[in-house]
Protein chains: 2
Amino acid sequence: MATGRTHRPATRSRGIPEATVARLPLYLRALTALSERSVPTVSSEELAAAAGVNSAKLRKDFSYLGSYGTRGVGYDVEYLVYQISRELGLTQDWPVVIVGIGNLGAALANYGGFASRGFRVAALIDADPAMAGKPVAGIAVQHTDELEKIIEDNGVHIGVIATPAGAAQQVSERLIAAGVTSILNFAPTVLQVPDGVDVRKVDLSIELQILAFHEQRKAGEEATAEAVVADAVAEAAAKDVKDTAAEQSAEAKRTAAAEAAVPSAARAEATARTESTDRKGPDGDVPAVMPA
Amino acid sequence: MATGRTHRPATRSRGIPEATVARLPLYLRALTALSERSVPTVSSEELAAAAGVNSAKLRKDFSYLGSYGTRGVGYDVEYLVYQISRELGLTQDWPVVIVGIGNLGAALANYGGFASRGFRVAALIDADPAMAGKPVAGIAVQHTDELEKIIEDNGVHIGVIATPAGAAQQVSERLIAAGVTSILNFAPTVLQVPDGVDVRKVDLSIELQILAFHEQRKAGEEATAEAVVADAVAEAAAKDVKDTAAEQSAEAKRTAAAEAAVPSAARAEATARTESTDRKGPDGDVPAVMPA
DNA sequence: CCATCTTTGTGCACGCGTTCACAAAGACAT
DNA sequence: ATGTCTTTGTGAACGCGTGCACAAAGATGG
């Protein structure tokens with residue numbers, strides 16, 4: 001999954017825990033699949049497997065909605081689909097606007113999952129005058145100037161931001177001022193919003209970085225003792241640099257730290273490689289300096 | 001953020017909590033911004049504000065990495081950037097393949113955040129022979145047949161799946177067999193993977209559904225007593241249908257439940273509307289039946 | 001060198017979420 | 001009817017994550 005929950009502090013909504021709410025769409029998808037295959041009932045065990053969760057967790061999740069199962073049998077698929085849809089508010093059709101019709105915005109506009117799940121793209125909005133009028137996914141792009149009018153005329157409460165990072169905050173403010181109270185943010189920025197507005201963030205770069213962390217850990221854990229030692233050396237060297245470089249400029253300090261630490265790390269990696277088979281830093285042997 | 005963590009059960013990696021790991025990229029981004037503005041040091045309070053988190057949480061997060069701050073002063077921006085980058089494994093350059101070059105895949109390929117953050121698009125792969133050779137984001141798309149060779153030749157460990165749901169599982173199996181151990185999955189499916197493989201899921205539809213839930217709740221909470229009563233009625237009616245329709249077909253049961261419940265819900269909504277000002281189901285008055 | 005002021009690092013308590021394990025409920029067969 | 005078997009629904013224990021609040025550390029000024 002992705003990251004970046006910016007939620008109201010834990011206002012357990014009508015008794016349904018946030019964690020449960022986040023899983024309901026997952027169950028719903030699994031149930032819809034079963035429904036299409038005309039499966040009449042499903043046990044918590046089966047459904048849990050399909051949704052990739054623990055069966056006890058699933059049962060507890062459902063218990064927050066009510067007692068919708070039958071002991072000894074399981075859950076009625078169609079009935080459960082309806083109950084979850086209703087709970088999630090998908091029995092109504094939500095108009096959504098997408099702001100920022102670049103590569104990503106266009107991809108979102110074309111995403112089929114919208115219409116089939118209770119959402120309708122009410123408008124596509126972009127700041128580039130050259131985009132205005134152009135059809136994307138069968139909908140003519142409108143200019144940002146129209147934003148407020150579009151929101152109000154269509155009674156839009158959910159907005160998707162797919163603009164560059166720089167524009168996101170301002171766009172969010174205009175959306176909110178016009179009546180939007182829920183935002184799905186794809187721009188790599190932390191949005192500052194007033195209370196009462198929900199923001200969910202999807203950040204590709206963050207997801208990849210989390211994967212990289214685990215990947216690095218996997219690569220490192222075969223190199224046990226020696227690597228740990230080498231790491232400690234690198235650590236100490238870096239720390240030392242920090243301590244002794246107290247009056248140097250930040251830039252000089254960073255460079256010094258890199259020089260001191262990187263060779264040790266490289267050594268650790270080399271060691272790891274000779275021990276294990278092929279696991280190594282994917283690109284080269286000496287780690288590059290970090291991005292800007 | 002997005003949803004869908006499919007992680008190793010909680011193998012707290014080298015003492016760093018998963019929740020902290022998930023926030024490190026956030027801090028890193030805020031720090032990089034400060035770095036570009038040549039800010040030498042930053043306090044936990046300031047940085048926390050920029051990253052949108054509690055300052056105590058931030059300090060605790062950093063404490064897992066070591067004591068990198070200076071009391072009375074704050075944190076050295078450059079030094080911290082380096083430490084976090086190293087911890088996340090971004091001091092090396094990770095080659096990444098993107099499978100499924102549709103709208104979304106193309107958007108991802110064009111996403112600038114890649115290169116600047118330690119990732120490099122090693123290849124774009126698509127099953128459509130017509131796509132083969134076409135340049136997307138300056139890289140020629142390659143056919144799925146080449147998948148294994150590409151992975152192995154480039155030492156790729158991280159794969160991004162942007163295919164339709166139907167193809168995702170098979171693609172993941174091929175990726176894993178070829179050596180990929182971390183997957184970022186954009187396809188709306190739960191991937192079944194062996195132990196040792198990390199999967200993170202980004203699901204637009206799920207994010208929107210979670211927003212819809214909160215949105216519905218906001219709309220409903222102005223309508224207090226009467227709505228609750230009406231809801232209870234709908235609940236009872238639905239339950240009743242379920243009970244009495246025990247021997248009916250699933251399809252008939254669902255229809256009956258919808259008929260019994262929906263009018264009540266509509267009533268509740270109507271009540272809400274007269275009481276509050278303009279908050280209403282965005283599209284029509286009668287909730288549509290849920291998606292297929 | 002001492003006093004003061006700022007800011008970190010963390011012990012502690014609390015609450016949420018997860019999981020286990022089992023009793024209650026119902027289906028189904030005899 | 002009665003017993004057996006399956007599966008739900010949930011009480012209780014546990015562990016992780018969060019946030020408070022404060023002591024320790026160090027900078028800064030006199």
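Letters A, B, ... mirror the listed sequences (proteins, then strands); counts begin at 1.
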Quick check for you: among dT18(C), dT18(D), dT10(D), whose closest atom lies nearest to any side-chain atom of R23(B)?
dT18(D)
Any side-chain N or O of N54(A) less than 4.0 Å from the OP1 or OP2 oxygen of dC20(C)?
yes
Measuring from L204(A):CG to F119(B):CZ, what's the distance to the nearest 0.5 Å?
8.5 Å
Rounded interatomic separation in angstrom, taking CD from E45(B) and C1' from dG9(C)
14 Å
Students often get this wrong, so: under 4.0 angstrom with heavy atoms, is Y75(A) touching a base, only sugar-phosphate, or nothing?
sugar-phosphate
Report the distance from atom CG of L65(A) to atom P of dG9(D), rounded to the nearest whole Å.
10 Å
Does a side-chain N or O of S44(B) approach OP1 or OP2 of dT8(C) to a distance below 4.0 Å, or not?
yes
How close do L90(A) and A212(B) get, counting heavy atoms only, and between which atoms?
CD2-CB, 4.2 Å
Please report the distance, rounded to the nearest Å, between CG in D61(A) and P in dC16(C).
16 Å
Between the main-chain N or O of L31(B) and the side-chain N or O of S35(B), is there a donor-acceptor pair closer than 3.5 Å?
no
Integer-rounded Å distance: dC16(D) C1' and Y64(B) OH
9 Å
Does R86(B) offer a backbone N or O that forms a donor-acceptor pair with the side chain of Q216(A) under 3.5 Å?
yes
Which listed nucleotide (dT19(C), dT8(C), dT10(C)) is nearest to the side chain of K60(B)?
dT10(C)
Does the protein touch nucleotides 25-30 of chain C at the base, only the backbone, or not at all? Give it as B, S and - per nucleotide, heavy atoms under 4.0 Å.
B-S---
L47(B) CG - dT6(C) P separation (whole Å)
20 Å
Taking the nucleotide of DNA chain C with the nearest heavy atom to each, does K57(A) or S43(B) sit closer to the 5' end?
S43(B)
How many Å lie between CG on L58(A) and P on dT7(D), as a whole number?
14 Å
Test: ring-ring contact (aromatic ring centres under 6.0 Å, His included). Region: residues 38-62 of chain B. Which pairs qualify, not counting sequence neighbours?
Y27(B)-F62(B), F62(B)-Y75(B)
Just checking Q192(B): does its CD atom have more than 12 heavy atoms from other residues, nucleotides or ligands closer to it than 6.0 angstrom?
no
Rounded to whole Å, the CD-P distance (E18(B) to dG17(D)) equals 8 Å
Please name the pair of heavy atoms, one in R59(B) and one in S44(B), separated by the smallest distance, quoted to 0.1 Å.
NH1-OG, 3.0 Å
Rounded to whole angstroms, how far apart are OH on Y27(A) and C1' on dT8(D)?
15 Å
Considering only side-chain heavy atoms of R59(B), which listed nucleotide, dG17(D), dT19(C), dG9(C), is closest?
dG9(C)
